[in-house]
Structures are given as C-alpha cells and as structure tokens.
Amino acid sequence: YMSLDEYVFKNNKAHSSREGIRTYFPGWKPEETSILEGLMLYKNHNTGIFIHANRNVVVKNSHFADNGNCVTHALHNTAPGNFVEDSTCVAMSQDVLERFGVVCRKGIMYTFNEPPYAQVTLRNITFHGWDKMHCDSQALYTVPPDRGPYYAHATLHTTEMYFDSENSKPDIKCSLVAETGDKDLFLEDVDGTQGSTTGAPGFIVQDEDDMLAFLKNCLHPTRPDSCAVFCPDICLRRAHISTDIKPGEDLKLVITDGTTTHSYGRHPFTNNFEPVLPAGNYEAHFENAHRQQVYPGGVGLEFNSAPLCTGHIDKSSIAIADNSNTAVNLPRIPEAVSGEYQLVYELAIPSNPNYWEAGPVYSKDNHLDISSFSRIAYYLELDNDYVWISMDAFTDDSRKIGVPCLSLECGDGISTTVIQKIVGNVNVYSNVAGLSGSGYAGNVEFWPYNYGPSNVINIPGASDTSYDFGDAPDTTGHYGSMQVH
C-alpha cells in the first residue's frame with residue numbers, strides 16, 4: 001500500500017517483469033524523505049528496482065532475489081541522494097539453483113555523473129548466493145564509462161556490508177580498466193568490511209598516479225585481476241574544477257599541499273579537472289603547455305555528494321590562484337592615481353616562468369590601445385611590500401616595455417627586445433625603507449639572454465669585473481634581465 005501523507009510505500013511485491021519497480025525521468029523528487037519499505041522483488045529479468053532521476057528516496061527492510069540485478073541506481077539522482085538500507089540481495093536462491101543450475105547474476109549497480117547529481121548510499125546490506133556462482137560477477141559494480149559521460153565518476157558510500165563470498169566484494173577489476181581506460185574509480189568502505197584486512201575504515205581506490213598522489217600507506221589486495229588498493233583511515237572526495245578554456249587547448253591543473261605537488265589533466269568526458277583528494281588544505285593553479293602559470297576565466301569549484309566519513313574537503317580546502325587581488329596597494333602611489341598613467345600590461349609572476357619558449361601570459365594586455373607616451377612606470381607588489389618606479393620613456397614602442405623573452409611573442413615580433421639605456425627623471429615610491437625618492441638618473445637593462453659584468457655603456461660607478469648595475473648582454477643563453485637601476 002501507499003501512504004501519501006507519510007510518504008511510505010510498504011509491503012509490496014513485484015515479480016516476473018522486466019523491472020520490478022521503475023522510477024524514470026523526470027523522476028520522483030519529494031522534499032520529504034520517502035520510504036519504500038518491506039519490498040519483495042524477485043525473478044525480474046533486468047532489475048528488482050530501477051532508480052532514475054530521484055532524490056530523498058529510501059529503500060529499506062526489503063528483499064531482492066533472482067533478478068538480473070538487485071538494484072540499478074542510474075542517472076540524474078540529485079542531492080541529498082538515495083539510500084538502500086537493512087536489505088538483502090540474493091543472486092541465486094535455492095529454487096533457481098535446483099531448477100536451472102548455476103546462472104550468472106549481478107548485485108547493486110551504481111553510477112554517478114557530475115554535480116549536482118548524487119550517489120547512492122548503502123547501509124547494512126547482506127549479499128547471498130555469490131559463493132555458488134563461478135562467473136566474474138560482483139555484488140557491487142558500475143557500468144563501463146564508454147556508455148557516455150553520465151556514467152563516469154563511479155563513487156560509492158557504504159557501511160555494514162556482508163558478503164558470503166570473498167570474490168563478490170567490491171573491487172576495481174583490471175579487465176574493466178583495460179576495456180574502458182578509466183583512471184579515477186574509488187569506493188568508500190565506512191566500516192572496513194569490504195577491502196580492509198584489519199577492519200579499519202577507508203577507501204578502495206584505483207591504482208593510478210592521479211588517485212594516489214596525496215595518499216599514503218595504501219595496501220595492495222591479494223585478489224586476482226585487481227587494479228585497486230585499500231587506503232585506510234582517510235576521507236576522500238572528488239572536486240570538479242571547470243574553466244572557460246575550450247576543449248583541446250593544453251591546460252594542466254597543479255595542486256600542492258605544501259609537501260606533495262601533482263599535475264592533473266582534464267577528464268576526457270567532462271573537460272573539467274576532477275582531482276580526488278583526502279582531507280587537507282591545498283593550493284592550485286593552472287599551467288599552459290609551456291608550464292607557465294595562467295589565469296583562465298570562468299573558474300568553478302564543485303564537489304561530489306559528501307562521503308559518509310567526516311573531515312572531507314569542501315570549498316574552503318582548495319585555494320585556486322587568480323589575479324583578482326593584484327596591486328592592492330597601487331592606490332597608495334600618488335603618480336599611479338594621478339590620471340596621467342594608463343595600464344598597459346598586468347602579470348601575476350609565476351614561480352616557474354619559461355620565457356625562452358613562449359611569452360608571458362598577461363592577465364591584462366592593453367598595448368594595442370597605446371599610441372604614444374612620454375613616461376613609463378613599473379609597479380611590483382610582493383606580499384605586503386610594494387615599489388613603483390617611473391621614468392622618461394626609453395622606447396616609443398609599447399610592445400617593448402613588457403617582459404623580454406627569446407620568443408618573438410615578446411617585443412615587436414621581428415627581433416628579440418634588447419634595451420640598455422640611461423634614463424632620466426626617475427621617481428621611486430615604496431613602503432620599504434630607503435627606496436623612495438624622485439628626480440634620479442637611472443638606467444634600464446632589458447634582454448632575454450645571459451650577460452656578463454663588463455660596463456659597456458660606461459655607467460658611472462659600475463664595475464667591469466662584478467655583476468652590478470652596469471653589465472653587458474650576451475647573444476646566447478636565456479637567463480634574462482629586466483632591471484631598472
């Protein structure tokens with residue numbers, strides 16, 4: 001019977017059908033928890049219950065037997081997800097075994113796609129009948145992701161699982177991995193009943209570099225054809241990081257926890273970056289094909305539905321580098337706010353620039369808007385310290401005032417930028433003691449090459465034997481110089 005007031009569907013049977021119970025798109029999505037209790041679903045060709053596009057549905061105290069599989073948790077199920085609790089899944093009953101002999105059955109199928117969709121949670125499920133089967137059939141399994149992107153990201157949250165066969169326990173089969181190319185499968189074992197040899201809680205994790213980069217003390221199982229490890233006492237969650245960079249463009253996500261650094265490529269189905277991380281605090285940034293730090297737009301951060309373990313990552317756990325907080329002290333500089341200067345380039349300086357292969361990736365590039373100018377200024381900010389320096393123009397080409405590099409992406413596109421000149425009317429503003437002043441004479445040394453100490457333009461006071469404020473550019477190497485003295 002069905003009680004609409006209490007959202008309870010209770011003590012019903014379904015058998016000898018294609019599917020015992022089927023909820024299909026647009027789905028059943030009650031605001032209150034809805035309970036399907038005391039179900040008896042058996043001898044259905046495909047599945048006992050097919051759950052699709054649902055939310056807030058709890059299947060409990062139910063019995064599944066002799067179905068193609070017991071439960072199919074399919075697509076578009078939304079947060080807070082659905083639950084199967086206090087139930088029994090029987091692969092083969094004694095009746096089927098005596099009448100038909102051994103047949104191959106499956107248990108609970110789970111799938112997952114990207115947020116806002118959610119995974120099924122299993123609590124106190126007993127699996128029977130797998131000890132009688134001799135086929136490669138598991139009590140918990142996912143479908144090959146080659147059925148489309150909606151079947152990717154197969155995660156699972158379980159507790160109190162009981163199996164009558166060691167081989168029926170959840171695993172990540174090498175045969176499945178070889179067929180599909182999947183590299184990011186994992187399952188939560190809340191109470192250590194599935195993959196642990198010690199009873200410790202943890203996660204069954206695919207044995208891949210991207211999955212194990214931040215994991216320690218993982219154990220390899222002894223099961224044949226297993227491409228999984230068991231990682232005890234951790235709490236994993238998948239992040240989904242998106243950008244507006246088009247598919248096909250070479251972009252990497254680099255994540256560090258201060259000790260370990262790992263680079264991730266995009267997921268082949270979603271085009272997002274989808275690291276699976278344990279609890280902790282992380283910093284992340286993007287790099288292009290030349291390993292230069294870049295700042296794509298449209299960066300979004302979402303997560304899988306929360307695991308049952310506590311302390312998992314959330315939005316406060318991952319700091320993604322951007323250029324939104326640059327030049328916070330610039331308004332303190334009188335010349336900068338005088339209205340006499342126009343921003344040409346802005347660059348968040350990466351820690352590992354590779355300017356001998358490509359030019360810098362400016363977060364702002366307005367040089368095409370600049371036709372003529374009489375002065376040039378540079379502003380540098382690091383942590384809470386800043387310095388501004390302005391001077392009479394040393395070139396009339398706005399393309400040459402940026403970072404010099406070997407690539408013709410820098411400068412005028414014809415030859416590399418080499419500028420060594422004495423400049424006048426140099427003004428310096430800084431919060432670092434001893435740097436500020438105005439009306440100085442100075443000199444600039446811009447080039448992408450190595451250089452030596454020879455004082456080739458006779459800067460007063462400079463040495464011919466020591467590196468200082470008057471040196472000489474070479475025509476080889478890529479050490480580079482962008483100095484104002």
Side-chain angles (χ1 to χ4, degrees), residues 326-327 329-347 349 353 355 360 362 364 366-367 369-406 410-412 415-475 477-485:
T326 57
N329 290 303
L330 194 60
R332 301 175 184 272
I333 310 299
E335 276 191 338
V337 297
S338 66
E340 297 178 356
Y341 289 84
Q342 181 178 344
L343 179 66
V344 183
Y345 299 108
E346 183 174 291
L347 174 67
I349 302 174
Y355 296 154
Y362 295 105
K364 295 179 181 177
N366 302 320
H367 79 274
D369 300 329
I370 307 300
S371 56
S372 63
F373 49 93
S374 60
R375 287 183 65 78
I376 299 169
Y378 295 92
Y379 175 79
L380 176 67
E381 185 168 302
L382 178 63
D383 298 327
N384 293 319
D385 294 329
Y386 60 87
V387 62
W388 162 283
I389 185 167
S390 64
M391 67 210 74
D392 291 340
F394 51 81
T395 178
D396 60 2
D397 190 340
S398 63
R399 296 173 296 179
K400 296 184 178 182
I401 68 174
V403 177
C405 66
L406 287 175
C410 304
D412 59 14
S415 60
T416 54
T417 297
V418 177
I419 298 175
Q420 188 173 30
K421 286 186 177 181
I422 294 174
V423 292
N425 298 312
V426 178
N427 299 331
V428 181
Y429 300 89
S430 176
N431 64 340
V432 177
L435 293 186
S436 296
S438 60
Y440 297 123
N443 64 292
V444 296
E445 296 182 325
F446 283 19
W447 53 73
Y449 305 116
N450 293 350
Y451 55 95
S454 179
N455 185 11
V456 293
I457 64 170
N458 299 316
I459 301 296
S463 169
D464 272 320
T465 58
S466 299
Y467 290 95
D468 54 13
F469 48 90
D471 298 320
D474 204 336
T475 56
H478 54 251
Y479 190 87
S481 173
M482 188 178 181
Q483 302 181 60
V484 180
H485 302 285

Under 3.5 Å side-chain donor-acceptor pair for Y451 and Q420
no
Decide yes or no for I401 and T395: does some side-chain heavy atom of the first lie under 4.5 Å from some side-chain heavy atom of the second?
yes
Contact check, side chains of I333 and Y386, non-hydrogen atoms, under 4.5 Å:
yes
Any residue meeting side-chain contact (heavy atoms from CB on, under 4.5 Å) with D396, in chain and number order, not counting sequence neighbours
none
Check side chain to side chain donor-acceptor pair (under 3.5 Å) between E340 and all other residues, then give those that pass, not counting sequence neighbours.
none
Nearest heavy-atom approach of L406 to H478 is CD1-CB, 3.6 Å
When every non-hydrogen atom of N443 is compared with those of E445, the smallest separation belongs to ND2-CG, 3.9 Å
With the side chain counted from C-beta on, respond yes when V484 and F446 share a heavy-atom pair under 4.5 Å apart, and no when they do not.
yes
Side-chain heavy atoms of Y341 within contact of W388, under 4.5 Å:
yes
Minimum side-chain heavy-atom gap D392-R375 below 4.5 Å
yes
How far apart are the closest heavy atoms of K400 and I419, and which atoms are they?
O-CD1, 3.9 Å
Please report the closest heavy-atom contact between D412 and R399, naming both atoms and the distance.
O-NH1, 3.2 Å
Derivation and outcome, side-chain contact (heavy atoms from CB on, under 4.5 Å), residues I389 and L435:
CA-CA 10 Å; I389 185 167; L435 293 186; over 6 Å; no
Does atom OH of Y378 have more than 12 heavy-atom neighbours from other groups under 6.0 Å away?
yes
Determine the minimum heavy-atom distance between P473 and W447, stating which atoms define it.
CB-CD2, 3.4 Å
Taking all non-hydrogen atoms of both residues into account, name the closest pair between G452 and D471 and its distance.
O-CB, 3.0 Å
Is a donor on one side and an acceptor on the other found under 3.5 Å between the side chain of S398 and the backbone of H367?
yes
Indicate yes or no for a side-chain donor-acceptor contact from D468 to the backbone of G470 under 3.5 Å, with no hydrogens or angles considered.
yes
Please confirm whether the backbone N or O of D474 pairs with a side-chain atom of N450, one donor and one acceptor, at under 3.5 Å?
no
Stepwise, does the side-chain contact (heavy atoms from CB on, under 4.5 Å) test hold for M391 with V444?
CA-CA 10 Å; M391 67 210 74; V444 296; 3.8 Å; yes
Check whether any side-chain heavy atom of P360 lies under 4.5 Å from a side-chain heavy atom of C410, and answer yes or no.
yes
Is the backbone of S436 close enough, under 3.5 Å, to the side chain of S430 for a donor and an acceptor to pair up by distance?
no
Atom OG of S438 and atom OH of Y429: how far apart are they, to the nearest 0.5 Å?
6.0 Å
For a quick check under 3.5 Å, do E335 and N427 share a side-chain donor-acceptor pair by atom type?
yes
N455 side-chain N/O to D464 backbone N/O, donor-acceptor pair under 3.5 Å
no
Decide yes or no for V403 and I349: does some side-chain heavy atom of the first lie under 4.5 Å from some side-chain heavy atom of the second?
no
